[in-house]
Peer 1: 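Quick one: the structure is below, and I'll ask about it shortly.
Predicted model only: the values in this text are computed from it and were never measured. Residue numbers start from 1 in every chain, and the chains themselves are labelled A, B, ... in the order their sequence lines are given, proteins ahead of strands.
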Amino acid sequence: MFTLPKKVYVPALAALLALGSTACQKDPETEPRYFIRDNLQWDEQDRNATVALFYFNDLFNYLPSGFNRLGDGTGDFLAAGTDDAIPSRVNRPAQYFTNGFISVVNSPDQYWTTAYAGIRRVNIFLANIDRVPALPANIVIWKAEARFIRAMVTWELVKRYGGVPLVRDRLFTLEDDLALPRNSYADCVSYIVSECDAIRNDLRLPGSIPDGEWGRIPRTAALALKSRVLLYAASPLYNGGQVNGATQLQGYPSYDAGRWTLALNAAQDLMTAPNNVHSLITTPAATAFASVFTTKKNAEIILAKQSANSFNLETWNAPMGYGTPAASQGLTSPSQNFVDAFPTLTGLPITASGSGYDPQNPYANRDPRLLLSVFTNGVTTGTGTTAVTTGSRWLSRNVETFDGGRDRPGGSAVQTRTGYYLRKFMGDFTNSTTYTNQSHNFPLFRYAEILLNYAEALNEVGRTEDAVTQVIALRRRAGLTAGTNNRFGIASSISQADARTLIRNERRIELGFEEHRFWDVRRWKTAETVLSGPLYGVQITRAGAGTTASPYTYAYNPRATAATMLWQTRLYYLPLPYDETTKNLNLVQNPGW
Amino acid sequence: MAITPAVRAQIINVPLPAQRAVVPSDTAKTPGTPPELNRAPVPQVFTPSITDENGEPLRGVKLANESGTLTAVTDSLGQAPLPEIRAGETVVVSIDNSVIRRFTASDDLTPIIVLDTKNPAVARLKPVRLLFGTSLRPDLTAASTQTVYNSALQRMPVTSFLTALAGQGAGLQIAQFSGQPGNDLAFATLLGQNATVVIDGIVRPIYNFDLEEIESVTLLKDALSTSMLGVRNTNAGILNVTTRRGTPGQPRISLTVQSAIQSPIKFPKPLDAYNYALLSNEARANDGLPAAYSAQDLALYQNGQDPLGHPNVNWNDQLLKKSSQLDRYTFSASGGNAFSKYFVSVEHLKQSGLLKTSDINKYNTTNDYKAYTLRSNVDLQLSKKLTGGIQLLGRILNNNDTGANFGQGLPAILSNIINTPALAYPVYNDNGTYGGNQQYQNNLWAQAIGSGYRETYTRDVIADFYLKRSLNEVTPGLWVRALASYYASLSEIYYRDKQFAVFQQGVGADGQPTYTQYGTNGEQQNNQGIIYQNNTSYVEADLGYDRQGEVHGLHGVLVASRNSFVENSDLPYTVQGVSGRGSYNYQGKYVAEFAFGLNGSNRYPDNGAFKYGFFPAGGLAWNISRESFLQSTQNWLSYLKLYTSLGLTGNDVPGYFSYVQQYFDTSGPVFGTGAGGVSAVSEQVLASRNRTWEKARKFTLGVQGAVLDNHLSITFEYYNSLYYDLLQQRGRNTGLIGQLYPNENIGRNQYYGVTTQLSYQQNFGDLSLLAALNMGVQYNRVLTQDEVFRPYDYMRRTGQAVGQPFGYIADGLFQNAAEIQGAPTLVGYTPQAGDIRYKDLNGDGIINQFDIAPIGDINPSIPFGVTLGARWKGFDATLLIQGVLNRVVYLSGNSEYAFQNNGFGNAFEQHLDRWTPQNPGASYPRLGIGNNLNNFATSSYWLRDNSYARLKNIEVGYTVPLNFSKRVRLQGVRFFFNGTNLLSFSQLDRIDPEVFNASYPQQRLLNFGFNIKL
């Protein structure tokens, strides 16, 4: 047996141990070098501000979006929580707004955490960007754009909750006392307006934003935000017309007619801004209204949430009866209430005598915006060159939303609950066999809204005829017939009250599914009437054999109740998240919640 | 008869149990230097071998003839020669003056006598395996431990030793959440804390093991036995696994072949098409929706005359086999001589999958599992004072699974089976294409056979080396040791996925079938990825001292160690420091013990600095039965020990350099008319600069005794642990800060309770009987958390059990409109008859967030296990019952609720018992479509008592008589049959107590095998 001499192995043992303990100390790094830390994020050497700009890019993630956004997975439009539509699927959160399921712990559009996260990110940017040696002129623009996003996000909070705790420029740490109370509605409005005013001259005019940067904040966006904020602030719910024991947290305690003037001026400010590049687009003539949404850069869009080109919207919302390669899910069911709001081609409401509305051919001779917003049942009469299709065609066939039709087959599949599908925002696939990628930017501000803001304020300050002019501009672009008096169906010497109804209806159909209706009916305080009672759909029965001898005939019942809406007064102000009110006892909950 | 000088010499050489030093771990990594190494392997005189039921030799067992004139005590090989015994004479086997059994000497010169470790006297001969490869005699430690030996583990033909531990430890709870081959993960908790696994002295999270290579698993429960690991999660209990070593003597070669039939138990039972349609219509009517199925549809579903248009597919039967097979081949050899000792083993395990396959594929699409394990433990006596050893483990685990594009193989398919109604679509259309439609674009059968396949390869290598030298020349009993270890693990996956299209068959205008396509057929896509890769390097240096004199005994060890763990591309997580243990005893009666860990890890500010913590623990033990005043009671009170310990433990969870305020990539927005994506970074969760390890202060008080002449042992322990500085997000984590809060050292929880073990073993002639019971009664409660404002006391989480479920208190179902009238209802919800009624706790007339209270009392949790066993001549039988009392289950998810997923979800047999006016005593509320806000709100309605007892295992074995097997030149032949998960008893009979919803079901195993010893 071999034995090592002691004088060999004892040192060997010691050496082994020493090796073991030193070898491992040659770690290449003791902290991950790939971490982006403060000093790299705000690199004080980088004139290109590369990483700082990556941070800046993230701020744009906090601009709100609007397509199918409510609820898990592929969600629903906010409009599905109004009288304009319902989700095709049952028990979807969007419908909680109209079926009464909403509560402090079950509120589908909680925006609180996201909004404050956005504000924090902006504040970090503002606090640090001056450390980066970028071109000072650029820094001025970036800061202004960041501040716009902060103002926008703050507005999204105010729109939902009324006054909220204003963070302003503060950047909180773990040690700070965050039991912040809510600021008043007035404080919040003046904060947003003052931010808009402060940054407007730092922002670039839309024309100076290169194509590659389309989606960045133009000066007119600040003006548009200001216009919207002041319009809301002047509106009945907030302008001294509070309900349900609301306080200064939820609005102005007393009415001030001057607020309408402020709103008027703000809209006018945008319309008359120097080098104004915004206007209603009018080409291509028949579908100008549709191309506003599918053309990334156009004169009408003031600011849109940018997104990659896709056919997601078509897949989600187009009629459900198509297979691959254009299989769609039909998730949104616009209501009969919405369809009925569209006038006929004459501009007259369908109920007016002389409107030319035919209940048994209900989609013929309607405001062209109807078929650009909604898929209806499509019917072709005649053959060959005499074939005439009324209603919708899609993917080279008529849309079939009659009972048993391919897009309303019955059974358990998800399908329209109203006889309609959403068409707005989609590319034109009338005669295609497959979808192709489309531009789908959600419009946050567009010129048509400013015209309507302007019209509404004009009417409220008594300049009704000036208001009508704005509506006519929209109707002319939409392709309605001007009529012999060139008033597009609007009565001469229309009263202020009738004009109000007209403007409100025009806003509903022009801006449908763009997240206006939900808030408009609240600020107008009309929600208790329009968001209450039946939500109608159409039930279409087809008869006949489809032969020349016995052609198909369609019978329409536009009073099929798809759902019943329940209104609660407290819904005028959405509930603060329950969790937040338990963590911060200074947060006063909105009335009724 | 006179004792021969040789025998006398042996008796003198072997110290009596009461005076034995620290068992020098013949079979642990600290091999002793027994003088008997040089003895010839085959004795020429009558030399019985005494082993325990695991085949491990027992040292210190006294053999005598009936008159007591001839005696011998077994050595470290378990052998004691009785040269003058004649065949036919009775040999009495005793330990500590207690007769364990008798046997009759025969012509066989080397009979093997098996004693069971369930006998308290035998158990006291077994060393207690402690951390860092050290061990102590059971009576000389104050630590709270319990050991489970090889044979108890091997009875279950499972792949993870954790699964095999179920029901075998007091306070040990094994929860199994899946029965999937190769992924049948079990989670072990010890006294309510997640258990850490230590294998041969080093923390290594390996669970799937060749069970034959495990000598024992020792549960270390208190601070005294765990604090040496310091910050290395000693808050948890520790499962200390010791692998087998060779024993000098005749080589032992063993071959075990076994084959099990495994069948899934208790998969949810979906409704057939007719009942589904019927209930779906009812649900839709209840929700005010039009019926989806006409009377004609219903008739066709019922009579099955239109299988294409009105399919009725039992997806379970379509996709899953009734049973699958588990084969296992284990070969091991052990032995040794004066220079070396070895234990080697090779195992091959093959588990076939449940998923059916199709001949259309040339490749395998089922979910099977193959494992190859190689183990080699070699110890070398390099010189008289120097020993060394190498332990190697190599392991290859291969998994196959179906491709299933939309998820991960079989688990995705199982959850899809749950979610797919029988009438969803036909398997195939008339033209042979896969059926499907707009709503179901994923034909399940196509997922199983038409979506390609995936293969996972996992390789593990462990290599441990050590050198140990006695420093007797400095002072007797002193030794040093150095140890190095490397462990590497790599798991790769190969994807060979395929897309498939499904078609909905319809009828065109011309009466011909039409096929509407959903999805597209694709070519097989090949991809490869690494699931994980990691390696651990470990070095250790020890200085030890073991000396047991007549009066004083001192055992101590001082360890310096460094463990560096690298996972994927992360920087190493290194724990280093010093730990130690000292144990002093006076006359083997009074024991004082001290242990500590002084170590830290490298993920603290600044720049990855080490932060060290000190975790001391102390304990006292008193062997009362050794006191002279108790000598008179020895006939009934054979043994009595009191012990207690108190100490601090730690749990280091530094996060990945969480003290650094990081920015990180986030999804980028799109800019420009070309809609180009840009990069974006964003601030991450707030840095956690003051973070430190979680801590616990643990107290244990125990009594251990043996009564009835060492037939019944009783262990009873009380423990009370305060866990503090627990990492939690603060409760007042308001969104106003605009960022996620880090975890902070906030929480304080208390865990306390008792554990008890009873163990009885007695021999009646050739019949050996044993019974063992273990049980824990475990309480816990939240002492501190950053509680937010709660307007009512019953809403407070503080003071409740850890993990206490909260919800509405259900008060039955509304039976009619009159009951609903004026009743408090959920905000915004108008109930109808058959909806759940809730208690309005604060009396404000509505049910809202202020009516949420604790539901279900989960304190205490009572895990228990009962083992019964018998051995008679060649026959042996054991039975294990395991269960948990006072356990609740919350029924939820797609296998419990009907028509989920907006009405497309499935419905199950239990839903036939839904509420209708005719069925007021229903077990399920009225049906509805999708997520009903009222009925599926978290409430006590869905809480069920899930206490259960399971016949976990039965084994029957027969060992062919030795004189018969020797004729075919075999040292032993044993046939055995065992069954696992045979029966379970719980109030909720339709689901398995542990694995339910869409998880891979637990398996019932019927296993047959034989073992040959060469």
Peer 1: Heavy-atom cut-off 4.5 Å, strictly under: side chain, backbone, both or neither for L686(B) against chain A?
Peer 2: side chain
Peer 1: Grab the two heavy atoms, one from Y116(A) and one from G735(B), that are nearest each other, plus how far apart they are.
Peer 2: CB-O, 3.2 Å
Peer 1: Using non-hydrogen atoms and a 4.5 Å limit, figure out which bit of E213(A) sits close to chain B: side chain, backbone, both or neither.
Peer 2: backbone
Peer 1: Going from CG on N91(A) to CG on N932(B), what distance comes out if it is rounded to the nearest 0.5 angstrom?
Peer 2: 6.5 Å
Peer 1: Measuring heavy-atom distances to chain B, does F125(A) have an atom under 4.5 Å in its side chain, in its backbone, in both, or in neither?
Peer 2: neither
Peer 1: If you measure from CG on L736(B) to NZ on K583(A), what distance do you get to the nearest 0.5 Å?
Peer 2: 9.5 Å
Peer 1: Shortest non-hydrogen contact from E31(A) to D606(B)?
Peer 2: OE2-C, 4.0 Å
Peer 1: What part of S412(A) lies closer than 4.5 angstrom to a heavy atom of chain B: side chain, backbone, both or neither?
Peer 2: both
Peer 1: With respect to chain B, which residue among V414(A), T173(A), N123(A) yields the maximal number of heavy-atom pairs within a distance under 4.5 Å?
Peer 2: V414(A)
Peer 1: Check whether S328(A) gets within reach of chain B through its side chain, its backbone, both or neither, counting any heavy atom under 4.5 Å.
Peer 2: backbone
Peer 1: Taking side chain as everything from C-beta outward and backbone as N, CA, C, O, which of these in R570(A) sits under 4.5 Å from a heavy atom of chain B? Side chain, backbone, both or neither.
Peer 2: side chain
Peer 1: Checking V104(A) against chain B: side chain, backbone, both or neither under 4.5 Å from a heavy atom?
Peer 2: side chain
Peer 1: Using non-hydrogen atoms only, which part of N281(B) is less than 4.5 Å away from chain A: side chain, backbone, both, or neither?
Peer 2: neither
Peer 1: In terms of heavy-atom proximity below 4.5 Å to chain B, should P32(A) be classed as side chain, backbone, both, or neither?
Peer 2: both
Peer 1: Looking at chain B, which one of I119(A), V105(A), L585(A) has the largest number of heavy-atom pairs inside 4.5 Å, strictly under?
Peer 2: L585(A)
Peer 1: Please classify the contact of F56(A) with chain B as side chain, backbone, both or neither, using a heavy-atom distance under 4.5 Å.
Peer 2: neither
Peer 1: For the pair T673(B) (side chain) and K296(A) (backbone), establish whether a donor and an acceptor sit closer than 3.5 Å, ignoring hydrogens and angles.
Peer 2: no
Peer 1: Does any heavy atom of chain A fall under 4.5 Å from the side chain of Q439(B), the backbone, both, or neither of them?
Peer 2: side chain
Peer 1: Give the member of L933(B), T516(B), V681(B), V788(B) that has the highest number of heavy-atom pairs under 4.5 Å with chain A.
Peer 2: V681(B)
Peer 1: Should Q438(B) and Q329(A) count as side-chain neighbours, where that means a heavy-atom distance under 4.5 Å?
Peer 2: yes
Peer 1: Counting heavy-atom pairs closer than 4.5 Å to chain B, which one of G73(A), A115(A), A413(A) comes out on top?
Peer 2: A413(A)
Peer 1: Side chains of T30(A) and N607(B): donor-acceptor distance under 3.5 Å anywhere?
Peer 2: yes
Peer 1: Among G100(A), G321(A), G546(A), who wins on heavy-atom pairs under 4.5 Å with chain B?
Peer 2: G100(A)
Peer 1: What pair of heavy atoms forms the shortest contact from G519(B) to T324(A), and how long is it?
Peer 2: N-OG1, 2.6 Å
Peer 1: Does any backbone or side-chain atom of L178(A) lie under 4.5 Å from a heavy atom of chain B? Answer side chain, backbone, both or neither.
Peer 2: both
Peer 1: Quick check for you: among A179(A), S103(A), A308(A), which has the greatest number of heavy-atom pairs under 4.5 Å with chain B?
Peer 2: A308(A)
Peer 1: So which part of N584(A) gets closer than 4.5 Å to some heavy atom of chain B, the side chain, the backbone, both or neither?
Peer 2: side chain
Peer 1: Given that the side chain runs from C-beta out, which part of Y578(A) has a heavy atom under 4.5 Å from chain B: side chain, backbone, both or neither?
Peer 2: side chain
Peer 1: Heavy-atom cut-off 4.5 Å, strictly under: side chain, backbone, both or neither for F904(B) against chain A?
Peer 2: side chain
Peer 1: Quick check against the 3.5 Å criterion: does D58(A) have a side-chain atom that pairs as donor or acceptor with the backbone of S682(B)?
Peer 2: no
Peer 1: Does the side chain of T582(A) come under 3.5 Å of the side chain of R790(B) through a donor N or O and an acceptor N or O?
Peer 2: no
Peer 1: Quick one: what part of T734(B) sits under 4.5 Å from any heavy atom of chain A, side chain, backbone, both or neither?
Peer 2: both
Peer 1: How close do S307(A) and A675(B) get, heavy atom to heavy atom, and via which atoms?
Peer 2: O-CB, 3.9 Å
Peer 1: Would you compute the distance between atom OH of Y322(A) and atom OH of Y518(B) and round it to the nearest 0.5 angstrom?
Peer 2: 11.0 Å
Peer 1: Would the distance check show the side chain of N61(A) and the main-chain N or O of S667(B) forming a donor-acceptor pair, the cut-off being under 3.5 Å?
Peer 2: yes
Peer 1: Is P290(B) close to chain A through its backbone or its side chain, or both, or neither, when contacts mean heavy atoms under 4.5 Å?
Peer 2: neither
Peer 1: Check each atom of A560(B) against the heavy atoms of chain A and say whether the ones under 4.5 Å are side chain, backbone, both or neither.
Peer 2: neither
Peer 1: Which atoms of N99(A) come close to chain B, meaning under 4.5 Å heavy atom to heavy atom: side chain ones, backbone ones, both, or neither?
Peer 2: backbone
Peer 1: Between R120(A) and E683(B), is there a salt bridge with N-O shorter than 4.0 Å?
Peer 2: yes
Peer 1: Find the one option among L566(A), L53(A), L174(A) whose heavy-atom pairs under 4.5 Å with chain B are most numerous.
Peer 2: L174(A)
Peer 1: Could you tell me which portion of F503(B) (side chain, backbone, both or neither) has an atom closer than 4.5 angstrom to a non-hydrogen atom of chain A?
Peer 2: neither
Peer 1: Supply the atom-to-atom distance T113(A) OG1 to I737(B) CD1, rounded to the nearest 0.5 angstrom.
Peer 2: 12.5 Å
Peer 1: Where on R92(A) is there a heavy atom nearer than 4.5 Å to chain B: the side chain, the backbone, both, or neither?
Peer 2: side chain
Peer 1: With a 4.5 angstrom heavy-atom cut-off, which part of R284(B) approaches chain A: side chain, backbone, both or neither?
Peer 2: side chain
Peer 1: Is chain A contacted by the side chain of F465(B), its backbone, both, or neither, given a heavy-atom distance below 4.5 Å?
Peer 2: neither
Peer 1: Which bit of R121(A) is near chain B, if near means a heavy-atom gap under 4.5 Å: side chain, backbone, both or neither?
Peer 2: side chain
Peer 1: With a 4.5 angstrom heavy-atom cut-off, could you sort out which part of L289(B) is near chain A: side chain, backbone, both or neither?
Peer 2: side chain
